[in-house]
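By convention in this document, chain letters (A, B, ...) are assigned in the order of the sequence lines, proteins followed by strands, and residues within each chain are numbered from 1. Predicted model, so just to flag it, every value in this text is computed and none were measured.
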Amino acid sequence: MQTLVVGEVLKDVDTACKLLNISQDPMCWSWLQVQKWLLWTEHMYHLPRVSALFQGLSGRDLCFMSETQFRQHSAQFGDMLYAHLDIWRSAVAMKGPCTPEDSTSAVESSYADVMTTYPNQPIHLWQFLRELLLRPHNYSRCIRWLNKEKGIFKIEDSAHVARLWGMRKNRPAMNYDKLSRSIRQYYKKGIIRKPDVSRRLVYQFVNPV
DNA sequence: AATCAGGATCCGC
DNA sequence: GCGGATCCTGATT
């Protein structure tokens, strides 16, 4: 009985993924694929347009969000969308997470996915920034390498990076002022520094990968 | 106006 | 204590 219901759900997820041409694992979704998934969910369950409230969020971002955070994006349907995403996630739990081949950023994520953080794991700011940088397909609009070999990167959209960091840490009041203060704490720790020629919003990992 | 530097203080793990 | 988050002053771009 239980397995029958689960089987139906898995089938629905499967057909939806084929229809939308997206991976089953939300962790792999780009922000565009997130929008696809939202539009499809809106259509399926006759919801109004909520996709705009989740602009610029990748599937990874969604996966790191709590139900409360979903409600903060959509007071009316946040819990519902969270539940639907959870169906996808439980499907993945049974069938295994996506491999780099499934990912749209397969070219970029050679070894990136191996040391990736998963939800509910504590994460350090420098690790978080690295994660964003390792996924240019998802995040190059807000943060990107200027010189990957030297570990030099530029924050293109400080507000967006701060928002993502605040979401991950569940700190809604996070902003670039506070995020950058935390980055500066890394100076004396020898984790991040300013490059030799100091430029606005440009930092450098002391130990490039 | 936004960013940068760094001191002080508070907080959760 | 560690790793921020928050708040702040003052300087720089």
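Checking the phosphate oxygens (OP1, OP2) of B/dC4, a side-chain nitrogen or oxygen of A/K194 falls inside 4.0 Å.
A salt bridge does not link A/K11 to A/D14: none of the charged side-chain nitrogens sits closer than 4.0 Å to a carboxylate oxygen.
Toward the 5′ end of DNA chain B lies the nearest nucleotide of A/V202, the other residue of the pair A/V202 and A/Q185 mapping further downstream.
Of the possible donor and acceptor atoms, one in the side chain of A/Q204 sits under 3.5 Å from a partner among the backbone N and O of A/K150.
Between the NZ atom of A/K178 and the P atom of B/dA5 there is a distance of 19 Å, rounded to whole Å. We find that CD1 of A/I183 is positioned 12 Å from P of B/dT3, with the value rounded to whole Å. Look at NZ on A/K188: it is 13 Å from P on C/dG4, rounded to the nearest Å. A/R184 places its CZ atom 11 Å from the P atom of B/dG7, with the value rounded to the nearest Å. Between the OH atom of A/Y186 and the P atom of C/dG3 there is a distance of 8 Å, given to the nearest Å. The distance from atom CZ of A/R193 to atom C1' of B/dC4 is 16 Å, rounded to the nearest whole Å.
Among the protein residues, A/L125 comes within range of the sugar-phosphate backbone only, with heavy atoms under 4.0 Å from sugar or phosphate atoms but none that close to a base.
By the 4.5 Å heavy-atom criterion applied to side chains, A/K148 and A/P208 are not counted as neighbours. Side-chain contact between A/L201 and A/Y176 is present, with heavy atoms from C-beta onward closer than 4.5 Å.
When each of C/dG4, B/dA5, B/dT3 is scored by its nearest atom to the side-chain atoms of A/Y187, the top-ranked nucleotide is B/dA5.
The base of B/dG6 lies close enough to the side chain of A/R181 for a donor and an acceptor atom to sit less than 3.5 Å apart.
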